[in-house]
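Below: the structure, in structure tokens.
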Amino acid sequence: MSAVPELRITLAGTERVVAAGTTAGAALEADGRTVIAALVNGEPRDLDHELAEGDAVEPVAVDSEHGRAILRHSTAHVLAQAVQELFPEARLGIGPPIENGFYYDFDVAEPFTPDDLKRIEKKMQEIVKQGQRFSRRAVSDAAAREELADEPYKLELIGLKGGAGDAAEGASVEVGAGQLTIYDNLHPRTGELCWKDLCRGPHLPTTRVIPAFKLMRSAAAYWRGSERNPQLQRIYGTAWESRDALKSYLTFLEEAEKRDHRKLGAELDLFSFPEELGSGMAVFHPRGGVIRRVMEDYSRRRHEEAGYEFVNTPHISKGKLYETSGHLPHYADSMFPPMEFEGADYYLKAMNCPMHNLVFRARGRSYRELPLRLFEFGTVYRYEKSGVVHGLTRARGFTQDDSHIYCTKEQMPGELDALLTFVLDLLRDYGLSDFYLELSTRGDSDKFIGEPAEWEEATEVLRQAAEKQNLELVLDPGGAAYYGPKISVQARDAIGRTWQMSTIQVDFQQPKRFGLEYQASDGSRQRPVMIHRALFGSIERFFAVLLEHYAGAFPAWLAPVQAVGIPIADEHVPYLERVADRLRAEGIRVEVDAGDDRMQKKIRNAQKSKVPYMLLAGDEDVSKDAVSFRYRDGSQNNGVPIDQAVAEIVTAVRERR
RNA sequence: GCCGCCUUAGCUCAGUCGGCCAGAGCGACGCACUCGUAAUGCGUAGGUCGUCGGUUCGAUUCCGACAGGCGGCUCCA
């Protein structure tokens with residue numbers, strides 16, 4: 001019989017009895033390298049956290065989502081320590097883990113240079129190599145204030161304790177709701193204090209078990225995320241459980257860079273942003289134009305089949321319209337300033353909905369017409385701040401595939417359900433297949449207008465429609481537009497990035513503001529519900545997403561040039577022209593490369609322009625009434641009879657492959 | 001809008017510690033070559049070094065403003 005007091009705990013699901021004073025690490029027999037922390041009763045804890053009677057303990061592996069966050073958080077501490085060693089005057093902001101990495105904010109007189117980053121990274125490596133221990137220590141608020149007297153931002157966080165979640169994204173990793181703690185970095189042999197930071201933790205046992213990290217960039221960021229606050233210098237870094245994991249992340253970034261639509265757009269001669277037009281305004285070149293036209297044509301056809309009616313509206317209108325719609329009071333910052341003309345203020349169109357409301361209101365409407373679905377490729381202009389304009393995904397002029405559906409309240413659930421299915425099916429036809437949905441609801445802010453009961457009802461209907469799709473549903477409280485809740489469809493692309501695509505919004509406001517009415521079967525006048533919905537979001541943005549998704553190698557039906565004829569020698573050009581004529585007669589976009597490059601060079605050019613089909617012909621093919629295929633992936637299929645070759649291409653295009 | 005960085009030929013980039021005619025590769029154009037699955041050779045043209053202003057005997061180079069771009073912050077389709 002031992003006199004040592006004992007504890008009963010649950011270890012990774014099984015009951016155990018351990019000596020009092022046992023740490024989570026000891027109970028888990030953690031090596032501190034692959035298992036780097038513990039979940040105690042669901043809360044992340046350091047390995048040297050002492051267990052209490054009845055605790056449930058689970059290991060946290062460094063290569064788990066939780067584990068990486070802890071690793072990155074610890075690496076952020078190493079970053080801050082390195083910065084303060086090199087720049088003793090630097091004051092600390094916050095330093096949380098983020099997706100794929102971490103950052104730390106500093107108040108310094110001069111922004112960091114790329115050279116500074118190199119020095120900081122080197123210093124971090126020294127700290128990692130030393131293997132300093134992360135040691136947790138509870139402190140009272142008063143003691144923390146005294147210790148951190150030189151860290152004004154930390155003091156501010158202490159003052160905000162409890163409300164830290166609202167203080168700033170990431171601030172909650174510094175101060176939790178309860179007892180304040182400070183982490184000391186201790187020298188492994190001497191135990192000497194090397195550095196300390198106010199932090200909730202948990203952390204790795206030592207800096208030595210940071211396997212791989214890299215500083216990425218520095219940039220300015222507002223303290224606590226507000227434009228009104230001072231700007232701090234933020235350093236971004238990434239950290240991984242192994243060198244290989246870091247390497248594959250860096251490879252992913254390279255891949256993303258290769259797919260950048262701005263780069264591909266120039267390389268493939270699809271579009272450009274002439275400086276003469278001003279920032280955020282694109283022109284589409286013929287090759288981009290044809291892709292866009294095919295995208296639009298297919299969308300038009302599907303909308304027509306789904307009972308939409310097409311309308312057209314101007315690009316400019318008197319300000320009164322946007323006062324009626326409520327945009328001017330809520331949205332004026334995003335609109336171009338007005339043009340004074342004939343005694344009225346004219347605004348560039350920033351939204352299509354007010355104009356569609358005028359179409360609805362142009363005459364009396366009957367319940368028999370509902371749901372009335374108005375559709376337009378409507379070009380809008382929005383004033384985007386100069387720093388946010390970004391290629392085709394964030395432009396100042398863009399075209400929405402916008403539609404507004406007017407229906408009765410009773411029709412709303414069925415309409416939303418059908419709409420969401422329609423939207424997802426159509427997106428799938430363009431080649432996106434991996435989706436999740438986001439439901440954005442009303443928040444506390446006073447930007448939201450309208451009756452809470454209406455909001456609740458609409459939110460509930462949207463939720464039900466979303467749940468029927470059997471897709472992951474993410475809640476986004478407070479993310480709604482000012483006039484109503486919305487569902488947005490998020491799509492993951494070929495390399496796993498997510499893009500916001502379609503949005504579906506319910507709006508009770510505009511029908512009221514415009515006095516929209518229909519006559520019901522009982523002769524009474526009723527107010528319709530309005531559903532806003534853009535499927536591509538904007539054609540330009542959707543174009544960019546597809547361009548990046550396919551890395552420029554569009555499926556045949558969208559490819560600007562679907563086939564290129566490549567003669568082995570000049571004398572084979574007329575033969576290929578005849579083949580090309582056959583294809584053109586079937587509506588295929590085909591070119592014959594009759595230039596005086598060598599055949600190999602023509603193949604290279606066609607390959608670089610990502611043409612799906614290369615059709616080669618030499619004496620052998622001519623003698624057999626055939627062509628030889630070279631596909632984009634480099635594979636070939638030689639001596640294919642012309643009829644068969646034409647059929648192969650036509651079928652692929654018809655089936656949108 | 002804020003912070004930092006960037007802007008040299010159609011594209012990608014050298015270069016000038018302030019000094020006579022600013023370079024390369026690719027692309028374009030011309031000539032020769034007529035070739036079986038990712039670059040044939042030779043030649044030619046092309047730049048008031050983003051714009052405007054300042055400093056200087058002299059500015060593409062230094063300084064400032066503006067425009068455009070890139071990375072973030074804030075915001076968003």
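Here is the naming used below: chain letters follow the sequence lines, and residue numbers restart at 1 for every chain. Just so you know, these numbers use all the heavy atoms, side chains as well, and skip hydrogens, waters and symmetry mates. Just so it is clear, the structure is predicted and the values come from calculations on it, not from any experiment.
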(request) Check the distance between B:rU34's P and A:Tyr575's OH and give it to me in whole angstrom. (result) 23 Å

(request) Name the pairing partner of B:rC2, where a pair is Watson-Crick or G-U wobble with both distances under 3.5 Å, or state none. (result) B:rG72

(message) What is the distance, to the nearest angstrom, from the CD atom on A:Gln636 to the P atom on B:rG36?
(response) 13 Å

(request) Whole angstrom is fine here: how far is it from CD in A:Gln231 over to P in B:rG71? (result) 17 Å

(request) Could you measure between the two C1' atoms, the one in B:rA24 and the one in B:rG71, and give it in whole Å? (result) 29 Å

(message) Suppose you measure atom P in B:rU44 against the same atom in B:rU34; what distance do you get, rounded to whole Å?
(response) 24 Å

(request) Mark yes or no: A:Arg292 above the aromatic ring of A:Phe284, with NZ or CZ under 6.0 Å from the six-membered ring centre and no more than 45 degrees from the axis. (result) yes

(message) Does this structure show an ion pair linking A:Asp429 with A:Arg302, if we count only N-O contacts that are shorter than 4.0 Å?
(response) yes

(request) Please figure out whether A:Ala219 or A:Gly278 has its closest RNA chain B nucleotide nearer the 5' end. (result) A:Gly278

(request) Mind checking A:Gln500 for me? I need base, sugar-phosphate or nothing, with any heavy atom below 4.0 Å counting as a touch. (result) sugar-phosphate

(request) Respond yes when some side-chain nitrogen or oxygen of A:Arg598 is under 4.0 Å from OP1 or OP2 of B:rG41, and no when none is. (result) no

(request) Using only side-chain N and O atoms of A:Arg234, determine if any of them is under 4.0 Å from OP1 or OP2 of B:rG72. (result) no

(message) Does the structure show a Watson-Crick or G-U wobble partner for B:rC21, both distances under 3.5 Å? Name it, or say none.
(response) none

(message) Tell me whether the side-chain N/O atoms of A:Lys601 come closer than 4.0 Å to OP1 or OP2 in B:rC26.
(response) no

(message) Whether the side chain of A:Tyr222 and the base of B:rG1 hold a donor-acceptor pair under 3.5 Å is what I'd like checked.
(response) yes

(message) Could you work out, with side chain to side chain contact (heavy atoms under 4.5 Å, CB included) as the rule, every residue matching A:Ala219, not counting sequence neighbours?
(response) none

(message) With a 4.0 Å cutoff (strictly under), does any side-chain N or O of A:Ser334 reach OP1 or OP2 of B:rC76?
(response) no

(message) Tell me whether A:Tyr236 and B:rG72 count as stacked here, given that the ring centres must be under 5.5 Å apart and the planes must differ by less than 30 degrees.
(response) no

(request) Using atom CZ of A:Phe271 as one end and atom P of B:rG10 as the other, report the distance to the nearest whole Å. (result) 20 Å

(request) Could you please name the partner base of B:rG36, counting Watson-Crick and G-U wobble pairs only when both distances are under 3.5 Å? (result) none

(message) Does B:rA38 have OP1 or OP2 under 4.0 Å away from a side-chain N or O of A:Arg630?
(response) yes

(message) I need the CD-C1' distance between A:Gln607 and B:rU37, as an integer number of Å.
(response) 9 Å

(message) Within the 4.0 Å heavy-atom criterion, would you say A:Ser628 contacts the bases, only the backbone, or no part of the nucleic acid?
(response) base

(request) Any chance you could lay out the salt bridge (charged side-chain N to carboxylate O under 4.0 Å, His left out) test for A:Arg293 and A:Asp297, step after step, and finish with the verdict? (result) CA-CA 6 Å; A:Arg293 200 206 77 226; A:Asp297 283 352; 3.2 Å; yes

(message) Rounded to whole Å, how long is the line connecting atom NE2 of A:His327 with atom P of B:rA77?
(response) 11 Å

(request) Please report, rounded to the nearest Å, how far the P atom of B:rA38 is from the NZ atom of A:Lys610. (result) 16 Å

(message) Counting the atoms with a prime plus P, OP1 and OP2 as sugar-phosphate, which does A:Arg217 contact under 4.0 Å by heavy atoms, base, sugar-phosphate, or nothing?
(response) sugar-phosphate

(message) Quick check on B:rA77: is either OP1 or OP2 less than 4.0 Å from any side-chain nitrogen or oxygen of A:Thr503?
(response) no

(request) Rounded to the nearest angstrom, tell me the gap between atom CD in A:Glu438 and atom P in B:rA77. (result) 11 Å

(message) Pick the closest RNA chain B nucleotide for A:Arg262 and for A:Gly639 by heavy atoms, then say which residue is nearer the 5' end.
(response) A:Gly639

(request) State yes or no: are the ring centers of A:Tyr308 and A:Phe422 separated by less than 6.0 Å? (result) yes

(message) Counting the atoms with a prime plus P, OP1 and OP2 as sugar-phosphate, which does A:Glu540 contact under 4.0 Å by heavy atoms, base, sugar-phosphate, or nothing?
(response) nothing

(message) Applying a 4.0 Å non-hydrogen cut-off, can you work out what A:Ser386 is touching in the nucleic acid: base, sugar-phosphate, or nothing?
(response) base

(message) Would you say the ring centers of A:Tyr383 and A:Tyr381 fall short of 6.0 Å from each other?
(response) no

(request) Could you measure between the two C1' atoms, the one in B:rG18 and the one in B:rG30, and give it in whole Å? (result) 40 Å

(message) By the 4.0 Å heavy-atom rule, please label A:Asp621 as base, sugar-phosphate, or nothing.
(response) base

(message) Check this for me: does the side-chain of A:Arg394 come within 3.5 Å of the base of B:rC75 through a donor and an acceptor?
(response) yes

(message) Any strand counts, and the cut-off is 3.5 Å on both contacts for Watson-Crick or G-U wobble. Which nucleotide pairs with B:rC31?
(response) B:rG41

(message) Between A:Glu620 and A:Lys624, does any side-chain N to carboxylate O distance fall below 4.0 Å?
(response) no

(message) Looking at A:His390, I'd like to know whether one of its side-chain N or O atoms comes within less than 4.0 Å of OP1 or OP2 on B:rG72.
(response) no

(request) Just do the salt bridge (charged side-chain N to carboxylate O under 4.0 Å, His left out) check on A:Arg91 and A:Glu156 with the steps written out, would you? (result) CA-CA 12 Å; A:Arg91 298 301 90 182; A:Glu156 191 175 330; over 6 Å; no

(request) Provide the distance between the two P atoms, one in B:rC5 and one in B:rC63, to the nearest whole Å. (result) 11 Å

(message) Applying the Watson-Crick and G-U wobble criteria at under 3.5 Å, what pairs with B:rC66? Answer none if nothing qualifies.
(response) B:rG50

(request) Would you classify A:Asp333 as touching base, sugar-phosphate or nothing, given that sugar-phosphate means primed atoms plus P, OP1 and OP2, and contacts are heavy atoms under 4.0 Å? (result) nothing

(request) Check every strand shown and say whether A:Ala617 touches a base, only sugar-phosphate, or nothing at a heavy-atom separation below 4.0 Å. (result) nothing

(request) Go ahead and name the base partner of B:rA9; Watson-Crick or wobble counts if both distances stay under 3.5 Å, otherwise write none. (result) none

(request) Taking only the side-chain nitrogens and oxygens of A:Tyr383, find out if one of them lies under 4.0 Å from OP1 or OP2 of B:rG1. (result) yes

